Structures are given as C-alpha cells and as structure tokens.
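Right, one structure below, let's go through it.
Remember, it's a predicted structure, so these values are computed and weren't measured experimentally.
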Amino acid sequence: MSAAEVTAQTTATAPNDSAETVRLAINTIRTLSMDAVQAADSGHPGTPMALAPLAYALYTRHLRHDPSAPDWFDRDRFVLSVGHASMLLYSSLHLSGYALPLDEIKHFRQWKSLTPGHPEVHHTPGVETTTGPLGQGFANAVGFAVAEAHLAAEFNREGHDVVDHYTYFIAGDGCLMEGISHEAASYAGHFKLGKLIGFFDDNRITIDGSTDLSCSDDAAARFGAYGWQVLHIADVNDLDAIDAAIAEAKADSTRPTMIITRTHIGFGSPNRQDTAKAHGEALGKDEIALTKAVYGWHYPDAFHVPDEAREHWKEAVAQRAVTHTEWSAKWAAYAAAHPELATELQRRLGRELPAGLNAAFPTFDAKSGNVATRAASGTVINAIAPHMPELIGGSADLTGSNLTNVKGAAYFAPNAPGGRNFHFGIREHAMGAMMNGMGLHGAIVPYGGTFLVFSDYMRPAIRLAALMGVHAIYVFTHDSIGLGEDGPTHQPVEHLTALRCIPNLVVLRPGDADEVSEAWRVALHHKSGPVAIVLTRQKLSYFGEHDRVHVGVPRGAYVLADGVGNTPDVVLLASGSEVEIALAARAQLAVEGVSARVVSCPSLELFGQQSQDYRELVLPPGVRRVAIEAAHPMSWYRWVGDKGAVVGIETFGASAPYQTLYKEYGITAEHLVEVVKQVIV
Ligand SMILES: Cc1ncc(C[n+]2csc(CCOP(=O)(O)OP(=O)(O)O)c2C)c(N)n1
C-alpha cells in the first residue's frame with residue numbers, strides 16, 4: 001500500500017483541520033502503538049494499527065468525555081473488549097490528555113507502569129473495565145447500558161436528563177466466537193438497550209490465522225436475529241462512514257447497534273498487514289521503518305508525537321470536554337429542582353450505605369428461624385431492599401429457587417427500566433459479566449443468583465470482579481448434596497474450595513437464619529470486592545444465638561458452643577448446613593465425657609484475616625481439630641493442621657433424598673464422633 005493510498009483513505013476532516021492533520025493525528029496512534037510494542041518486545045500492534053481511525057473518531061468526535069475528570073459520572077463509556085489491543089486505548093488516552101504521560105507509553109507492559117499488558121480499571125485513568133479474557137468486555141458493556149437505562153429511569157425528571165450517556169464497545173472475532181457474546185447480545189437485544197453501540201472489528205484474522213479456519217458465522221444475520229440494528233462500515237479509514245454509522249446507531253433508540261467494521265490488521269505494514277503475525281508480535285525495527293514510510297511518517301525517533309498532531313487532539317478533545325461543562329450546569333439545575341434526588345444519587349455515587357440500613361436487617365427466632373438458608377436470604381433481601389434502592393438484581397432463571405426477588409417491585413424491562421428485579425435468563429456467564437459492568441458504572445450494587453454448581457458457568461466473570469474489586473453479590477443456593485434428588489450434576493463438591501481460592505473474593509456460607517442476616521450485612525459493607533453467599537436448599541435448625549452470631553460472622557469464624565471446662569478436648573469446625581451436625585456431635589461427645597467446642601465458620605477468608613490472637617482464642621493451639629463440610633475437604637487442611645482431620649466429600653454426589661445422601665456420604669454426627677475419637681487419642 002502506498003503512502004498516497006493511505007492518505008487518500010482518510011478523507012474526512014474535522015472543521016478547520018486539513019486531511020493531512022487528521023491523518024497525522026490518526027497515524028500517531030499507530031506509531032505509538034508500534035513503538036511501544038517494539039520497546040516491550042511484547043504486545044499486540046496489529047489491531048491498534050487497524051483501528052486507529054475508529055479510536056480517533058470516538059475520542060475526538062463522539063465520546064462525551066473529559067480527560068481532566070475521568071470519573072465524571074455521565075460520561076459516555078467506552079469498553080475495549082479486545083483487551084489485547086490495549087495500546088489503542090493507551091495511545092488514545094495519552095493523546096486525549098488523560099493523566100497518562102508519554103513516559104508511561106514508553107514503559108508499556110513494565111513493572112508498575114500505568115500501561116499494563118491488558119487494560120486494568122482503577123489503574124489507568126480513562127480505562128472503564130479490565131479486559132483481556134475475550135468477550136467479557138462485550139458483556140460488561142451490556143451491564144453499563146443496563147445501569148444507564150435503570151438509573152435514567154430512576155433519577156431523570158422532566159427537563160432534567162442527568163443520566164444520559166451512550167456505551168460504546170469494540171469487539172473482535174475472538175469476542176464474537178466466545179459464548180458469552182451470545183448471552184450478552186441476546187440479553188441486550190431482548191431488553192432493547194438502544195444506547196449500546198458496538199463495533200465488530202471484522203479483520204478476519206485471529207492468532208492461528210484466517211477466521212476461515214474455525215468460523216463461518218454470518219455476524220450480520222446473527223446480530224439481526226438478536227434484535228440489534230446492524231450497520232456496516234466498508235473501510236474503517238473512512239471517517240465519514242464512522243460518523244454516519246454512529247449517527248444512525250443513535251437514531252434508533254429501541255435497538256442496540258452492531259457496526260460491522262471492515263479492517264485490516266497491521267494496516268499499512270508491507271509485510272504484516274492481514275497476517276496473523278501482525279496480531280501479537282512486535283513488528284521489528286525494519287518493518288516499523290517500512291510501515292512508517294508507508295504512513296508518510298518522517299520522524300526518525302520512536303515515540304514521536306508531532307506538535308501538529310498533539311495540538312489537533314488537544315483542540316478536538318477540548319470540544320468533547322465541553323459536554324462535561326454543559327452537564328455540570330444541568331446537574332446544578334437538577335439539584336435545585338430536585339434536591340432530594342440529587343442528594344440520593346450523590347450518596348450512591350459516593351458508595352455510602354443508606355442511613356437506617358443496619359436497623360433493617362431482620363433477626364429470627366425459633367418460630368421464623370428454622371428455615372432453609374435460601375429462604376432466610378429471601379427474607380433478608382426483602383427486609384433491606386426498601387432501604388437500599390441501589391441493591392438491584394435477580395437470578396439466572398432460578399428466581400423461585402434462589403429467592404432473589406423483591407416482592408412487589410417491578411422487573412427491569414424495556415418499558416420499565418426502573419425495575420429493580422432482573423430476569424437475567426439462563427445466562428450465568430453474561431449475568432456475572434453484566435453485574436461487573438453494572439457495579440463499575442456506579443450508583444448500583446448488583447446481585448445475581450444461581451445454583452452453586454453453576455458458579456462454574458460464571459467463574460471467569462467472578463474472577464474479574466475480584467480482580468477489579470467490583471462490589472457484586474452472588475446468591476448461590478442448593479449448595480451441596482443437600483439438594484438431594486437432582487443428583488451429581490447439580491451437587492457442588494469442589495465449588496466451595498474453587499471459589500475460596502479466588503483472591504479478593506469473600507465466600508460466606510451461613511449456618512442458620514441469623515447467620516444469613518449477618519452474612520448479608522457483611523456483604524453490603526464489604527465494598528472492595530465481590531461476595532458469594534452460599535445457601536442451602538434444605539431446612540436447617542435455628543441456633544438461637546443471635547448475639548454470638550452478630551459479633552462472630554464478620555470475623556469469619558467464632559465459638560458458637562463451647563466445651564465444658566477451660567480447654568476443650570477437641571474443636572469441631574463447620575460451615576453452613578454442617579454446623580448443626582457438629583452441634584449434635586458435640587452433644588454425643590459430651591455424653592462420653594469428651595468436651596467439644598463448636599466453631600461456626602461462615603467465611604474462611606474473613607477468619608484468615610483476623611489477628612493471630614483472635615484466631616488462637618477460637619482455635620486454641622494444641623487442641624486437636626476436626627472439620628466437617630459436605631464438600632471437598634481441601635480448604636480446611638490449613639485450619640485442622642497435620643494432626644486434625646476433615647470429614648468431607650471427594651467424589652461426586654448421587655441422586656437420592658438428601659437425608660440418605662448425608663448418611664451414605666458419612667456427613668453425620670455419628671461419623672464425626674468416630675473421627676474425633678481417632679484424632680484425640
Ligand atoms: C477467553 C480468551 N481466550 C483466549 C485468549 C487468547 N487470545 C488473545 S487474542 C486472541 C485472538 C483474538 O482474535 P481477534 O479477536 O480477531 O483479535 P485480533 O486478531 O483482531 O487482534 C486469543 C485467542 C483470550 N485473551 N481470551
């Protein structure tokens with residue numbers, strides 16, 4: 001491709017700027033990206049080179065954003081679902097004037113730089129969400145659009161549209177091949193998220209080579225079938241076509257839009273364009289020189305930003321930032337006309353819990369407390385919901401089982417976006433990733449339910465929630481063989497351990513109704529990451545120990561029932577449905593003159609964070625310990641030590657009434673007593 005051809009393809013101009021300047025401004029994204037990948041000798045140059053015109057158009061002509069206030073609440077959101085193309089984002093953010101100096105671009109992918117290999121939210125100003133695992137960003141964007149629609153319905157008033165922004169995203173072949181994109185697109189189409197605008201980077205290349213190797217989907221037909229508006233851009237270098245497509249996308253307020261954008265990976269590189277090699281390898285010094293020549297780039301130094309290009313970006317983005325000033329005036333008028341709403345929105349944006357929330361958590365008694373913990377959770381949700389409007393969520397088609405709905409409240413729907421109950425459909429993976437977008441958006445604390453066994457279906461999104469520190473709450477019911485007849489496909493065994501080892505995820509498995517109430521209290525106060533509340537299908541007995549529970553649950557583990565005398569002979573540790581079994585074993589042991597302490601352990605992570613003094617108070621050194629949990633024993637070995645034992649399950653479950661299963665699998669007081677006797681000899 002000749003320099004003249006490259007020039008010719010970039011014909012559209014911003015007012016007062018020559019095509020030459022625009023071309024330079026776009027090529028600066030390309031050259032910075034090539035140079036950064038080259039310096040790191042690692043990264044993905046090809047897609048930033050291809051998509052530079054689109055990023056340029058978005059950041060200088062379309063996004064309502066203000067680099068001096070990256071957290072401005074009503075900004076348009078932009079999600080780079082193709083996270084590997086991070087240099088596209090970093091170059092654009094740098095040139096836009098975000099607090100991302102050129103030095104950071106030079107330190108792409110280096111220790112402690114602001115430019116990690118894949119974009120990380122809360123790390124680099126202007127990055128909205130952490131992307132890299134393909135397809136997640138797509139579903140995050142759907143979550144952002146849901147949040148916008150919901151909050152607009154809740155807070156906007158006649159003449160005061162203080163929540164009014166678009167969500168843009170770029171997805172690639174990889175995102176579209178991943179199943180999560182189906183779930184998210186299907187949801188977005190059904191719920192008519194008209195302010196969601198996606199670009200499909202149709203470059204027909206992935207790592208292995210041509211997409212012909214593994215995919216022959218008709219993307220247009222696919223998105224059309226989901227109920228999206230589908231538009232085409234024949235050549236991403238045609239800025240007029242980009243502008244026109246975005247205008248058309250905005251004109252249709254009842255359908256999300258997918259703009260299928262033909263691009264050429266490694267654009268302009270004489271030997272790499274349209275090849276898989278352009279995807280994830282530095283071009284090499286020689287190829288960079290050749291490519292820069294094609295761009296008509298005459299600057300010998302790497303990382304050069306021509307003054308003209310910098311000036312052009314600055315002026316164009318300054319015009320975009322005016323949207324913030326305009327919004328601030330709107331906000332002032334809103335705050336004057338609707339002070340209570342403004343104060344409420346500010347509270348929610350500041351992530352302050354509502355006054356009066358603590359008093360709303362229910363306590364149970366012998367009459368109301370002998371219930372399945374999922375039922376207690378439903379009671380808690382309904383008790384706190386009126387006090388906490390930002391708590392919105394639902395279930396992946398298991399509402400009646402997860403008991404996640406707020407009674408009497410509306411369901412989120414195209415004609416009722418203010419509804420706080422959600423039908424996520426049978427889309428656990430997208431539900432998890434949408435919750436991430438909803439949480440990151442601000443002013444919302446999302447929750448979502450499914451069976452614990454299907455946490456596997458949303459694990460990639462849970463992991464990212466933990467990595468990003470999203471305050472999301474998972475309601476996982478049917479938490480063991482205790483679900484009974486549905487059998488091994490539905491009975492989680494390894495799931496508790498698998499969740500407990502995700503860094504920054506708190507797992508809470510309450511053992512009675514009061515513990516459920518306290519678990520929810522912990523979950524709402526724990527804002528620095530996601531929390532999984534794990535609940536039974538079957539009824540459990542009520543402890544009747546409200547005060548101990550209240551103090552103990554936030555500490556992760558506590559003495560629920562002590563042994564007789566100063567030091568117990570053995571400590572029994574249990575979580576959830578097995579606490580009552582430990583209590584029964586304690587009674588049997590007492591008859592035999594063995595003093596057993598029962599420690600209820602709703603959260604091993606929280607207990608692990610307590611001081612050594614507290615841990616030793618609960619688990620006196622030198623006293624043997626036996627843990628019981630109807631799950632894989634792996635997460636308990638630390639707590640029982642070498643001389644202790646764990647009663648757990650290391651095989652799959654079976655289909656039978658749960659009482660039979662508990663007996664057959666040895667999750668009984670009698671078996672626990674036997675094991676204790678072996679351990680304390
Ligand atoms: C879930 C997931 N699987 C695999 C990868 C590894 N990976 C990164 S990019 C990529 C190919 C993506 O192709 P495409 O979306 O067309 O990106 P392009 O080649 O256009 O940059 C793969 C397989 C990943 N990041 N995420």
Side-chain angles (χ1 to χ4, degrees), residues 366 369-373 479-484 491-493 496 509-515 534-545 548-549 552 557-565 567-602 604 618-619 623-633 635-637 639-641 643-651 653-654 656-681:
N370 287 295
V371 290
T373 50
D479 69 347
S480 74
I481 53 166
L483 66 84
Q491 292 163 353
V493 172
L496 282 168
R509 186 170 185 246
D512 87 334
D514 279 343
E515 280 201 3
V534 175
L535 303 160
T536 63
R537 173 187 183 228
Q538 73 276 25
K539 274 190 184 179
L540 302 183
S541 26
Y542 180 60
F543 298 160
E545 290 286 356
R548 277 180 197 248
V549 167
Y558 64 98
V559 179
L560 177 64
D562 214 346
V564 185
T567 314
D569 300 315
V570 66
V571 177
L572 307 178
L573 298 94
S575 83
S577 41
E578 285 67 68
V579 179
E580 64 182 31
I581 295 174
L583 288 170
R586 172 178 171 270
Q588 290 182 21
L589 286 163
V591 173
E592 302 187 36
V594 177
S595 161
R597 165 184 288 188
V598 171
V599 172
S600 177
C601 307
L604 297 181
V618 175
L619 304 178
V623 179
R624 298 281 161 92
R625 303 160 193 172
V626 180
I628 181 164
E629 186 169 65
H632 196 283
S635 32
W636 292 93
Y637 293 128
W639 302 109
V640 299
K643 293 180 176 161
V646 186
V647 175
I649 299 173
E650 287 181 273
T651 60
Y658 81 91
Q659 297 90 339
T660 310
L661 292 171
Y662 266 76
K663 208 160 142 248
E664 294 292 336
Y665 282 82
I667 310 294
T668 60
E670 292 69 27
H671 183 213
L672 181 56
V673 166
E674 265 173 47
V675 174
V676 166
K677 285 181 186 165
Q678 288 161 18
V679 162
I680 60 173
V681 285

Flag side-chain contact, heavy atom, 4.5 Å: L619 against L573 = yes
Evaluate the side-chain contact (heavy atoms from CB on, under 4.5 Å) criterion for residues N370 and K539: first the C-alpha distance (whole Å), next the side-chain angles of each, then the deciding distance (0.1 Å), finally the verdict.
-> CA-CA 7 Å; N370 287 295; K539 274 190 184 179; 5.7 Å; no
Euclidean distance, E629 CD relative to D479 CG, rounded to 0.5 Å | 8.5 Å
Could you tell me which non-hydrogen atom of V681 sits nearest to which non-hydrogen atom of R624, and how far apart they are?
-> O-NH1, 4.0 Å
CD1 of I680 to CZ of R625, rounded to nearest 0.5 Å, is 15.0 Å
Show your reasoning for whether side-chain contact (heavy atoms from CB on, under 4.5 Å) applies to Y662 and T660.
-> CA-CA 6 Å; Y662 266 76; T660 310; over 6 Å; no
How far apart are the C-alpha atoms of W636 and I628, what are their side-chain angles, what is the distance that settles it, and do they pass the side-chain contact (heavy atoms from CB on, under 4.5 Å) test?
-> CA-CA 9 Å; W636 292 93; I628 181 164; over 6 Å; no
Could you tell me whether a side-chain N or O of T373 sits under 3.5 Å from a main-chain N or O of T536, the two making a donor and an acceptor?
-> yes
If every non-hydrogen atom of I581 is compared with every non-hydrogen atom of A669, which pair is closest and at what distance?
-> CG2-N, 3.4 Å
So OG1 of T668 and CD of Q588: to nearest 0.5 Å the spacing works out to 8.5 Å
Spell out, as yes or no, whether a donor-acceptor pair under 3.5 Å connects the side chain of Y558 to the backbone of R548.
-> no
Report the C-alpha separation of W639 and V646 in whole Å, then their side-chain angles, then the decisive distance to 0.1 Å, and conclude whether the side-chain contact (heavy atoms from CB on, under 4.5 Å) test is met.
-> CA-CA 10 Å; W639 302 109; V646 186; over 6 Å; no
Atom NZ in K663, atom NE2 in H671: separation rounded to 0.5 Å?
-> 13.5 Å
Write down the atom of S541, the atom of D512, and the distance for their closest heavy-atom approach.
-> O-CB, 3.7 Å
Taking the side chain as every heavy atom from C-beta outward, state whether L483 and Q491 have any atom pair closer than 4.5 Å.
-> yes
Got more than 12 heavy atoms from elsewhere within 6.0 Å of CD, E664?
-> no
So, the side chain of R586 versus the backbone of G563: is there a donor-acceptor pair under 3.5 Å, distance only?
-> no
Can you tell me how far the CG atom of L540 sits from the CD atom of E515, to the nearest 0.5 Å?
-> 10.0 Å
Between A585 and L572, which heavy-atom pair has the shortest distance, and what is it?
-> CB-CD1, 4.1 Å
Salt bridge or not for R509 and E578, using N-O below 4.0 Å?
-> yes
Heavy-atom pair with the smallest gap, counting every atom of S480 and Q538 | OG-NE2, 4.4 Å
Are the side chains of V647 and I667 in touch, meaning some heavy atoms are under 4.5 Å apart?
-> yes
Closest non-hydrogen atom pair, E650 against P633 = CG-CD, 3.5 Å
Test item: V673 and E592 side chains (from C-beta on) under 4.5 Å apart, heavy atoms = yes
What distance do R537 atom CZ and Y658 atom OH have between them, rounded to the nearest 0.5 Å?
-> 9.0 Å
